[in-house]
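Here is the structure we will look at.
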Amino acid sequence: MKILAFDIGGTEIKYAFCDENFNLSESKSVPTNAHEGGKRIIERVVEIIKSCEGVDRIGISTAGQVDSVKGEIIFATDSIPGYTGTKIKEIIEAETGIPTAVENDVNSAAIGEAVFGAAKGCSDFICLTYGTGIGGAIFLGGKLFTGSSFSAGEFGHMITHADGKSCTCGGSGCYEAYASSTALVKSVSEFLGRPVNGREVFENFGNPEIKKLINNWIDEIVIGLKSLVYIFNPKLIVAGGGIMNEAYITDEINVRLQKTLMNSFRNVKVVKAQMGNDANKLGAAYLASKL
Ligand SMILES: [Zn+2]
């Protein structure tokens with residue numbers, strides 16, 4: 001079986017072929033040009049599909065909240081204007097005749113990790129991606145738990161600070177305003193008086209003041225995880241996002257989380273996501289293979 005797997009994000013559309021053994025090949029990417037709007041993005045995806053031969057299935061991982069049954073975008077922020085309501089599955093199947101699976105990007109990544117990566121063989125785990133915001137996914141009894149309107153696992157908008165910092169969701173005190181990688185980069189940039197990126201933050205690890213900011217940020221991560229552990233009692237938490245490549249972070253999270261939990265919850269382990277950028281495409285390809 002030849003699957004064409006897409007990962008549609010706010011800046012890039014990545015795609016690759018995937019065979020029946022889930023080996024990815026010919027990975028490519030094109031700019032999303034999000035300002036052109038959701039309709040045009042899907043038109044370009046259709047053009048890419050039509051330019052490829054012998055494709056049996058399409059798997060789509062995409063930004064935004066997704067009705068994975070209908071394969072449409074329930075809600076997307078203005079990062080992709082006009083994306084809300086886009087009937088991705090319907091459009092692609094009508095244009096190409098190829099069966100198509102569509103899932104939200106964080107859920108796709110969680111499926112990728114569940115089937116092939118850090119959570120392989122684990123039926124109950126939660127997954128968090130630390131980036132601009134914080135995305136989340138929940139696996140219970142070996143299945144993705146999506147909630148009543150396909151939106152479960154928005155861990156970034158749990159309140160960890162009552163009346164705290166304002167958040168992109170319109171609320172305040174949300175977890176991601178304190179514990180996303182953006183929150184760390186912002187605090188270090190403010191301290192240094194110049195904009196820095198995630199890599200530069202850790203290049204300055206030797207600076208005691210910056211190490212303190214990093215440690216405060218790790219405490220913020222742990223505050224959120226503690227609540228999640230008490231809700232889900234998971235055996236495993238998979239932490240994704242480029243910043244988690246710094247081993248210091250997951251090591252410290254584990255040490256601090258263990259100290260703060262009641263005894264009966266201490267079997268939980270936090271591990272770094274393993275599949276990197278391929279997780280989304282592999283998860284989407286896996287869903288497509290089941291069509
Ligand atoms: Zn929020």
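Each residue takes its place number in the sequence, starting with 1. In what follows, every heavy atom counts, from backbone to side chain, and hydrogens, waters and symmetry copies are set aside. Keep in mind that this is a model prediction, so the values were computed, not measured.
Using a 4.5 Å cut-off on side-chain heavy atoms (C-beta onward), N33 and I41 make no contact. In this structure the side chain of T62 reaches within 4.5 angstrom of the side chain of Y83, judged on heavy atoms. At least one side-chain heavy atom of V229 sits less than 4.5 Å from a side-chain heavy atom of I237. For the pair K14/I8, no side-chain contact is recorded, criterion being any heavy-atom separation below 4.5 Å from C-beta on. Residues I210 and F205 form no side-chain contact, since every pair of their non-hydrogen atoms from C-beta on lies 4.5 Å or further apart. In this structure, D7 and Y15 have side chains that are not in contact, with every pair of non-hydrogen atoms separated by 4.5 Å or more. Looking at heavy atoms from C-beta onward, I3 lies out of side-chain contact with V55 at the 4.5 angstrom threshold. Under the 4.5 Å side-chain criterion, counting only non-hydrogen atoms from C-beta, I74 is not in contact with V66.
Hydrophobic clustering (side-chain heavy atoms under 4.5 Å, transitive across Ile, Leu, Val, Met, Phe, Trp, Tyr) keeps V255 apart from L257. The hydrophobic cluster containing I159 does not contain F232, counting ILVMFWY residues as joined when their side-chain heavy atoms lie under 4.5 angstrom apart, directly or transitively. Placement of I243 and L192 within a single hydrophobic cluster is found when ILVMFWY residues are connected by side-chain heavy-atom separations under 4.5 Å, directly or transitively. The hydrophobic cluster containing I88 also contains V30, counting ILVMFWY residues as joined when their side-chain heavy atoms lie under 4.5 angstrom apart, directly or transitively. When hydrophobic clusters are built by joining Ile, Leu, Val, Met, Phe, Trp and Tyr residues whose side-chain heavy atoms come closer than 4.5 Å, directly or via intermediates, I249 is not grouped with V271.
There is a side-chain donor-acceptor pair under 3.5 Å between Y248 and N215. Checking K89 against T100 by side-chain atom types alone, no donor-acceptor pair falls below 3.5 Å. Under the 3.5 Å distance criterion, with hydrogens and angles disregarded, no donor-acceptor pair is assigned to the side chains of T32 and E12. Side-chain contact, E103 with S108: no donor N or O sits under 3.5 Å from an acceptor N or O.
Under a cut-off of 6.0 angstrom, the local environment of CG in N277 is sparse, with at most 12 non-hydrogen atoms contributed by other residues, nucleotides or ligands. Within 6.0 Å of CG on N23 lie more than 12 heavy atoms contributed by other residues, nucleotides or ligands. Within a 6.0 Å sphere centred on NZ of K2, other residues, nucleotides and ligands contribute more than 12 heavy atoms. Crowding of K165 atom NZ: a count of heavy atoms from other residues, nucleotides or ligands under 6.0 Å exceeding 12.
Sorted by first then second residue, the salt bridge (charged side-chain N to carboxylate O under 4.0 Å, His left out) pairs that include residues 260-276, not counting sequence neighbours, number zero.
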For residues 116-139, please give each side-chain donor-acceptor pair under 3.5 Å, one per line with the distance, not counting sequence neighbours.
| residue | atom | partner | partner atom | Å |
| --- | --- | --- | --- | --- |
| D124 | OD1 | G141 | N | 3.1 |
| Y130 | OH | Y175 | OH | 2.9 |

Under 3.5 Å, which donor-acceptor pairs link side chains of residues 195-202 to any protein atom two or more places apart or in another chain?
| residue | atom | partner | partner atom | Å |
| --- | --- | --- | --- | --- |
| N197 | OD1 | R199 | N | 3.2 |
| N197 | OD1 | E200 | N | 2.9 |
| N197 | ND2 | E200 | OE1 | 3.4 |
| R199 | NH1 | E203 | OE2 | 2.7 |
| E200 | OE1 | N197 | N | 3.1 |
| E200 | OE2 | R194 | NH1 | 3.4 |

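Rounding to the nearest 0.5 angstrom, the gap separating the CG atom in L228 from the CD1 atom in I223 is 12.5 Å. Between D67 atom CG and I73 atom CD1 the span is 10.0 Å, to the nearest 0.5 Å. Note: D56 CG to D19 CG = 11.5 Å, rounded to the nearest 0.5 Å. The structure places OG of S289 at 10.5 Å from CD of E20, a figure rounded to the nearest 0.5 Å. To the nearest 0.5 Å, the span separating CD1 on I91 from CD1 on I42 amounts to 6.5 Å. Taking CD of E26 as the start and NZ of K28 as the end, the distance is 5.5 Å to the nearest 0.5 Å.
When all heavy atoms of A177 and A183 are compared, the closest pair comes out as O-CB, 3.4 Å. In this structure, C18 and L282 approach most closely via the heavy-atom pair SG-CD2, 4.5 Å. Heavy-atom minimum distance, C52 versus F17: SG-CZ, 3.7 Å. The minimum heavy-atom distance linking S151 with Q65 is given by the pair OG-OE1, 3.1 Å. For S27 against A16, the heavy-atom pair with the smallest separation is OG-CB, 3.5 Å. Shortest non-hydrogen contact noted between V270 and A239 is CG1-CB, 4.2 Å.
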Report the C-alpha separation of E220 and H161 in whole Å, then their side-chain angles, then the decisive distance to 0.1 Å, and conclude whether the side chain to side chain contact (heavy atoms under 4.5 Å, CB included) test is met. CA-CA 10 Å; E220 294 292 346; H161 294 261; 2.7 Å; yes

Criterion side chain to side chain contact (heavy atoms under 4.5 Å, CB included) on N107 and F150, from CA distance to verdict: CA-CA 10 Å; N107 287 347; F150 303 96; over 6 Å; no

Intermediate values then yes/no, side chain to side chain contact (heavy atoms under 4.5 Å, CB included), E72 and T86: CA-CA 6 Å; E72 61 184 56; T86 305; over 6 Å; no

Kindly indicate, with the supporting measurements, whether the criterion side chain to side chain contact (heavy atoms under 4.5 Å, CB included) is fulfilled by I92 and I60. CA-CA 10 Å; I92 293 177; I60 307 244; 3.5 Å; yes

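With hydrogens and angles disregarded, a donor-acceptor distance shorter than 3.5 Å links the side chain of T84 to the backbone of A76. With hydrogens and angles ignored, the 3.5 Å screen pairs a side-chain donor or acceptor of E113 with a backbone N or O of Q274. Under a 3.5 Å cut-off, the side chain of W217 and the backbone N or O of K212 do not form any donor-acceptor pair. Side-chain atoms of N207 never come within 3.5 Å of backbone atoms of N204 as a donor-acceptor pair (strictly under, hydrogens ignored).
A salt bridge links E95 with K50: the distance from a Lys NZ or Arg NE/NH1/NH2 to an Asp or Glu carboxylate oxygen falls below 4.0 Å. The pair R44-E47 fails the salt-bridge criterion, with no side-chain N (NZ, NE, NH1 or NH2) lying under 4.0 Å from an Asp/Glu carboxylate O. Salt bridge status for E93 with K87: absent, with no side-chain N to carboxylate O gap under 4.0 Å.
Aromatic ring orientation, F22 versus Y286: tilted (interplanar angle from 30° to 60°).
Applying side chain to side chain contact (heavy atoms under 4.5 Å, CB included) to E176 and the options T160, T168, T182 leaves one that passes, T168.
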